[in-house]
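Residue numbers begin at 1 in each chain, while the letters A, B, ... track the order of the sequences.
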Number of protein chains: 2
Amino acid sequence: MKNSYHHGNLRDTLLSKSIEILNDKGLKGLSVRAVAKLAGVSEAAPYSHFKNKDKLLEAIAIEGYEKLRQSLDEMTELTRFEMIERLAIGYVSFALENVQLFRLMFGRELAELTVSERHREASAMCYEPLSLEVSKLLDNKQSGLTVEAATTSTWSIVHGLSILLIDGKVPFPTDRQEQQHFIANRCHVITLALS
Amino acid sequence: MKNSYHHGNLRDTLLSKSIEILNDKGLKGLSVRAVAKLAGVSEAAPYSHFKNKDKLLEAIAIEGYEKLRQSLDEMTELTRFEMIERLAIGYVSFALENVQLFRLMFGRELAELTVSERHREASAMCYEPLSLEVSKLLDNKQSGLTVEAATTSTWSIVHGLSILLIDGKVPFPTDRQEQQHFIANRCHVITLALS
DNA sequence: ACACAAACTTAACACTGTTAAGATAGAATT
DNA sequence: AATTCTATCTTAACAGTGTTAAGTTTGTGT
């Protein structure tokens, strides 16, 4: 059953092999055929599990969103920064540590797709922690901003900074601690504005 | 000379036809062959003017950067907003009006390239107006931030908002005036933080 | 034991980027 | 004015891509 015609759980294998290729060859090297070959399966086998390449990419992205959400949740432990800034550090760090995956998640490839419900949901789960903290901040001190507006502002700066950094548009320190301060510092405007 | 073997200025034609395709078929539909066909020329002709597809894309992006800079310069006329917010409106509006081009300019395709000097320069020219206004703001009221940090913050929020909007991650009003207020409002945190 | 359906293979299609080799024609040189 | 030169373009080919149709295999339910 293992080494024969029916693979067993080819779907999961294809996903993990895809991420593998993504990390060391980039999205350009991620062809359906390459994934199939790496999974030790015929060229057309993936089409039994994904309608087309876009659906495969979407599935990878969904895994990415779940991973990002997990990273954000773990940021509660970091104590030296404001909560908003911790989330920012978590978000940007994820982008830096998963460049290719992050690009895929927010890149053109998927943006042009009509996203599935699961995709939309996984994406929204990453928005949630940010929104929660922003509304807490707004409750403390009153400033004519709506929660929605302030959250969008926060998400924008965090997301924008991520992209500028992974695209090398902005210089970035090498030391880990300096990096955290760099990110916190750039996102501090949010705390400043909402307090 | 016109209707014969030698085209005359094929390079420019290829660039404009590329943008044409980009706008109505998206980057996915932009193949070297398609551009060549639309320019009425053989499949391999483009390779006399661009070393490879990436170089063609880069040339398109450079035109994009120059266009973006021009848009930013024109934003001086808008008077009801703070200068920073006018620039933000210019930046985001450009992204919304040139979705495909904007995606190409900041997308993965070029980010993985070693950019040419001309590319870097054109890109930097878009950073400049933002940086200028931020330093003016910082001069007025003192707040421990460096010009570099504040500019990065500003660029991040403006760039991030652009991407979230063109990717449909955030709802956006349809009315033109409301759109401008929407953008200004989301980027107002910068003014708030630096004053 | 048999039928069924899901998972896989093989083979083919049209398309892609890219290159090598040759054709053309305008510019430079004699 | 004839000739060479060189950039520009064409034709033809290669390997690689996404995708589909048709057929094989195999575990599952009857």
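Close to C/dA7, at under 4.0 Å from its OP1 or OP2, lies no side-chain N or O of A/Ser48. Between D/dC9 and B/His49, a contact under 4.0 Å exists linking OP1 or OP2 to a side-chain N or O.
The pair A/Arg69-A/Glu66 fails the salt-bridge criterion, with no side-chain N (NZ, NE, NH1 or NH2) lying under 4.0 Å from an Asp/Glu carboxylate O. Salt-bridge check for A/Glu97 with A/Arg176: passed, with a basic side-chain N closer than 4.0 Å to an acidic carboxylate O.
Minimum heavy-atom separation, B/Leu165 to B/Pro171: CD2-O, 4.4 Å.
Listed nucleotides D/dT19, D/dT8, D/dA12 differ in distance to A/Glu43; the shortest reach to its side chain belongs to D/dT19. For A/Ala44, the listed nucleotide lying nearest its side chain is C/dA11; candidates were C/dA11, C/dC8, C/dT18.
Against DNA chain D, the stretch residues 13-38 of chain B makes heavy-atom approaches under 4.0 Å through B/Arg33.
Between atom CG of residue A/Leu15 and atom NE2 of residue A/His49 there is a gap of 10.5 Å, rounded to the nearest 0.5 Å. One distance of note links CG of A/Leu104 with CG of A/Asn98; it measures 11.5 Å at 0.5 Å rounding.
Atom CZ of B/Phe50 and atom P of D/dC9 are 11 Å apart (whole Å). Residue A/Tyr47 contributes atom OH, which lies 7 Å from atom P of D/dT20 at whole-angstrom precision. Across the protein-nucleic acid pair, B/Asn52 atom CG and C/dT18 atom P stand 5 Å apart, rounded to whole Å. Rounded to whole Å, the distance from CG on A/Asp12 to P on C/dA7 is 13 Å. The distance from atom CG of A/Leu56 to atom C1' of D/dT19 is 14 Å, rounded to the nearest whole Å. Atom-to-atom, CD of A/Glu109 to P of D/dG18 comes out at 12 Å; the value is rounded to the nearest Å. Taking atom CZ of residue B/Arg11 and atom P of nucleotide D/dC9, one finds them 13 Å apart after rounding to whole Å.
A/Asn52 contributes a side-chain N or O that, together with a main-chain N or O of A/Lys55, makes up a donor-acceptor pair within less than 3.5 Å.
A/Lys53 NZ: more than 12 foreign heavy atoms inside a 6.0 Å radius.
The aromatic ring centres of A/His159 and A/Phe102 sit less than 6.0 Å apart. For A/Tyr65 and A/Tyr127, the ring centers are positioned 6.0 Å apart or more.
End-to-end axis angle of the helix from C/dA1-D/dT30 to C/dT30-D/dA1, from C1' rotation axes over five pairs per end: 10° (rounded to 10 degrees).
Each of B/Ala45 and A/Asp54 was matched to the nucleotide of DNA chain D holding its nearest heavy atom; the match closer to the 5' end belongs to B/Ala45.
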